[in-house]
K.L.:
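Structure below; questions to follow.
All values reported here derive from a predicted model rather than from experimental measurement.
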Amino acid sequence: MKRDMDLIRKMLLEIEEIPAGEVYETDDSVIPTEPEVLCEHFELLADAGFLKNPQSEMSGSGFCLGLSWDGHDLLDSIRPQQRWDMIRSKTGEALNSLTFGLLKELGISYAKQELGLDR
């Protein structure tokens, strides 16, 4: 399975929406993709440290209590649709080969441009 950064972004957005104190469960996701792919990407997010208290069950379901500080930082760098579209258009097929760190750096770079801080 290859990493899908569009799916990663959708998952971060979905997880962020859970109310404080509630649990996110991959089985309850409304993202239209195969459950196995969703769970694999959940594991990638967990391995990268972007989730609070991630847990996986033998059934393949994943649970967490929300995003970690780093998860929020990554999402904030790529959240605006216009910024995400810019990243996707500039990176093309290479998008899914970017590291999380480089993806975040690109988002921050475009955010600085938007704010006029890139000088």
K.L.:
Please examine the side chains of E16 and L12, heavy atoms only from C-beta on, and report whether any two atoms are closer than 4.5 Å.
P.N.:
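The answer is no, as the side chains (C-beta and beyond) never meet within the 4.5 Å cut-off.
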
K.L.:
Check whether S89 reaches the backbone of M86 with its side chain - one donor and one acceptor, N or O, closer than 3.5 Å.
P.N.:
yes

K.L.:
Rounded to the nearest 0.5 Å, what separation is found between the CD1 atom of I78 and the CZ atom of R88?
P.N.:
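Separation between the atoms: 11.5 Å.
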
K.L.:
Under the salt bridge (charged side-chain N to carboxylate O under 4.0 Å, His left out) rule, collect the residues that match up with D28, sequence neighbours excluded.
P.N.:
none

K.L.:
For the atom pair CG (L13) and CG (L67), what is the distance rounded to the nearest 0.5 Å?
P.N.:
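So the gap between those two atoms works out to 9.0 Å.
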
K.L.:
Can we say D76 and R79 salt-bridge, meaning some charged N sits less than 4.0 Å from an Asp/Glu carboxylate O?
P.N.:
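Looking at R79 together with D76, the answer is yes, because their closest N to O distance falls below 4.0 Å.
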
K.L.:
Between V37 and I15, is there a shared hydrophobic cluster once you connect ILVMFWY residues whose side-chain heavy atoms come closer than 4.5 Å?
P.N.:
yes

K.L.:
Which salt bridge (Lys or Arg N to Asp or Glu O under 4.0 Å) pairs, counting each pair once, include a residue from residues 45-71, with sequence neighbours left out?
P.N.:
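As it turns out, there is no salt bridge (Lys or Arg N to Asp or Glu O under 4.0 Å) pair with a partner in residues 45-71 once direct neighbours are skipped.
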
K.L.:
Can you name the nearest heavy-atom pair linking I18 to C64, along with the distance?
P.N.:
CD1-O, 4.3 Å

K.L.:
Are F42 and V23 connected, step by step, through hydrophobic side chains (Ile, Leu, Val, Met, Phe, Trp, Tyr) whose heavy atoms are closer than 4.5 Å?
P.N.:
no

K.L.:
So, E25 side chain and G62 main chain: donor-acceptor pair closer than 3.5 Å or not?
P.N.:
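Answer holds: no.
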
K.L.:
Is L51 close to Y24 at the side-chain level, that is, under 4.5 Å between some pair of heavy atoms?
P.N.:
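Not in contact.
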
K.L.:
Cut-off 3.5 Å, no hydrogens considered: what does the side-chain donor-acceptor table look like for residues 92-111, sequence neighbours left out?
P.N.:
| residue | atom | partner | partner atom | Å |
| --- | --- | --- | --- | --- |
| N96 | OD1 | M5 | N | 2.8 |
| T99 | OG1 | L102 | N | 3.0 |

K.L.:
Measure across H41 and M11 and return the closest heavy-atom pair with its distance rounded to 0.1 Å.
P.N.:
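Residues H41 and M11, closest heavy atoms: CB-SD, 3.6 Å.
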
K.L.:
Could you check if a side-chain atom of T33 sits within less than 4.5 angstrom of a side-chain atom of D4, using non-hydrogen atoms only?
P.N.:
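No, every pair of side-chain atoms sits at 4.5 Å or beyond.
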
K.L.:
Measuring from atom CG of L44 to atom CD of E40, what distance do you get when rounded to the nearest 0.5 angstrom?
P.N.:
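One finds 7.0 Å between CG of L44 and CD of E40.
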
K.L.:
Calculate, to the nearest 0.5 Å, the distance between atoms OG and CG belonging to S29 and L7 respectively.
P.N.:
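With rounding to 0.5 Å, OG (S29) is 8.0 Å from CG (L7).
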
K.L.:
A side-chain contact here means heavy atoms from C-beta on lying under 4.5 Å apart; do F63 and L65 qualify?
P.N.:
no

K.L.:
Identify the two heavy atoms, one from G49 and one from S68, that lie closest to each other, and give their separation to 0.1 Å.
P.N.:
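Scanning both residues, the minimum pair turns out to be O-OG, 2.6 Å.
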
K.L.:
Where do T91 and I87 come nearest, in terms of heavy atoms and distance?
P.N.:
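Smallest heavy-atom distance, with atoms named: OG1-O, 2.8 Å.
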
K.L.:
Evaluate whether atom CD of Q81 has more than 12 neighbouring non-hydrogen atoms of other residues, nucleotides or ligands under 6.0 angstrom away.
P.N.:
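Yes, enclosed.
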
